[in-house]
2 protein chains.
Amino acid sequence: MPRDGEDARRRLQQAALELFRERGYDATTTAEIAARAGVTERTFFRHFPDKREVLFDGEERFRAALADGVAAAPGALEPMEALLWAFGAVGPILEANRLFTEPRQTVVADTPALQERVRTKTAGLIDALAEALRRRGVEGGPAALAAQVGMAAFGRAAGAWFADPSMCLEDHLRAAFEELRNLTSAVGRADPKRRRER
Amino acid sequence: MPRDGEDARRRLQQAALELFRERGYDATTTAEIAARAGVTERTFFRHFPDKREVLFDGEERFRAALADGVAAAPGALEPMEALLWAFGAVGPILEANRLFTEPRQTVVADTPALQERVRTKTAGLIDALAEALRRRGVEGGPAALAAQVGMAAFGRAAGAWFADPSMCLEDHLRAAFEELRNLTSAVGRADPKRRRER
DNA sequence: ACCTGTAATGTCAGTTACTGACTTAACAGC
DNA sequence: GCTGTTAAGTCAGTAACTGACATTACAGGT
């Protein structure tokens, strides 16, 4: 009976989040999730490719927003500046999803399998950023490195922003990127005797 | 019959690598691996916690070497300099394992599940580096960021070194870290109007 | 009304990774 | 020769996922 459509998907996500918080991710079976959502286990796997994915939704929209941000940045900006621009433009999306993403933070935090998935999602974002930089004329190698490094700074800024929302995301971003510059500026100065003992 | 001991483990790894290269990771079952190694499937899972882990061995040794390298770096070095030092000290290990790790590169390359595992392993290395930096007195936040960024540069250097072994690892490392400094030095100069339109 | 197509779901059987509980075979030292 | 330990075998079971097929609801045209 196809009257449900998109509704069943939302019920499944809701049921999954509830059960994960009640008894943990590993102790919850996909059959239980389906039962609470009022559908069959088979239906679960028609809406989500696997058990983990039920928690992650709308990530491709975020990825597109990041890529668009890099593309929309003024052409004169250096790679890292373009990334900073894109991260700033993505703030509203972060803010809008904040209450939505917060409950699953605790679930992800104590489930290694989900953390692994988060890393994969992040890797996808990094790839998209690198590709967007390449489209601006940045060479492949530096683009990939810049995307990785920029994402690390963004993660730090987003974390700090979650912990202290009194400062706006842009300021957190600027602080993180400044920290980054301070860290990297020191290298290659004294050039210590890089002997490999042992 | 416990006469095998460590030997069965090696046979399992060898059999797994062969089968993965013959017909791919996903199309290979743990039962097949065990059969080719001359043991039971149950024995496979006594030696490895899961199917993926049969390909990754000696990673904890590498992690310890990295942490030791950071600890052994001269105390006057800045965080990123200490990381560069540690990466340089780890070169011989990379070189020794080169022929050993090369065959599985192709398997990992076209198996998403294995790439996910590699990312998890890398995250473990980053954590170890951050912890080692903290032990040098670096604060938690900057330590984590420096470890992430340093590992990104190390990955780039190692990749370049695999592609072009004529240059020594240290030179590749220096090039990657220099690239990093160039990338980050540009940010925060003009401070463009970071308006979030759209 | 009737037919038809399509989209979401139900049903069921099967594969595979992985685990727990128990048994068995080899070897080690006393 | 007895005993303990260690690696392995055996067996039954769970749970994530998949393919093949049947079913139900609804939409539109005639």
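The structure displayed is predicted, hence computed values, not measured ones.
When rounded to the nearest whole Å, the span between CZ of Arg23(B) and P of dT16(C) equals 11 Å. Note: CZ (Arg42(B)) to P (dT24(C)) measures 17 Å, nearest angstrom. Nucleotide dC18(C) holds its C1' atom 13 Å from the CZ atom of Arg52(B), rounded to whole Å. Rounded to a whole Å, the CD atom of Glu6(B) is 9 Å from the P atom of dA8(D). To the nearest angstrom, P of dA25(D) lies 17 Å from CG of Asp7(A). Phe45(B) places its CZ atom 16 Å from the C1' atom of dG9(D), with the value rounded to the nearest Å. Rounded to a whole Å, the CZ atom of Phe20(B) is 12 Å from the C1' atom of dA17(C). Per the geometry, NZ belonging to Lys51(A) stands 14 Å off P belonging to dC18(C), to the nearest Å.
Distances were taken from every side-chain heavy atom of Asp50(B) (C-beta onward) to each of dT10(D), dC18(C), dT11(C); the shortest belongs to dC18(C). Distance from the side chain of Glu41(A) is smallest for dA16(D) among the nucleotides dA20(D), dA16(D), dC18(C).
Summarising the geometry, atom CG belonging to Leu83(A) is positioned 6.0 Å from atom CZ belonging to Phe177(A); distances are rounded to the nearest 0.5 Å.
Using a 4.0 Å cut-off, no side-chain N or O of Thr30(A) falls inside it from OP1 or OP2 of dC17(D). Within the structure, every side-chain polar atom (N or O) of Thr29(B) is placed at least 4.0 Å from both OP1 and OP2 of dT15(C). Between His47(B) and dA7(D) there is no side-chain polar atom (N or O) within less than 4.0 angstrom of OP1 or OP2.
Phe56(A) and Leu94(A) are not part of a single hydrophobic cluster, where members link through side-chain heavy atoms under 4.5 Å apart.
Each of Thr28(B) and Arg11(A) lies near DNA chain C, and the nucleotide nearest Arg11(A) is the one positioned closer to the 5' end. Between Ala31(A) and Arg46(A), it is Ala31(A) whose nearest contact on DNA chain D lies nearer the 5' terminus.
No donor-acceptor distance shorter than 3.5 angstrom exists from the side chain of Thr40(B) to the backbone of Arg42(B), with no hydrogens or angles considered. A distance-only check finds no donor-acceptor pair linking the side chain of Arg36(A) to the backbone of Leu19(A) [under 3.5 Å].
Remark: Arg134(A) engages Glu131(A) in a salt bridge, criterion side-chain N to carboxylate O under 4.0 Å.
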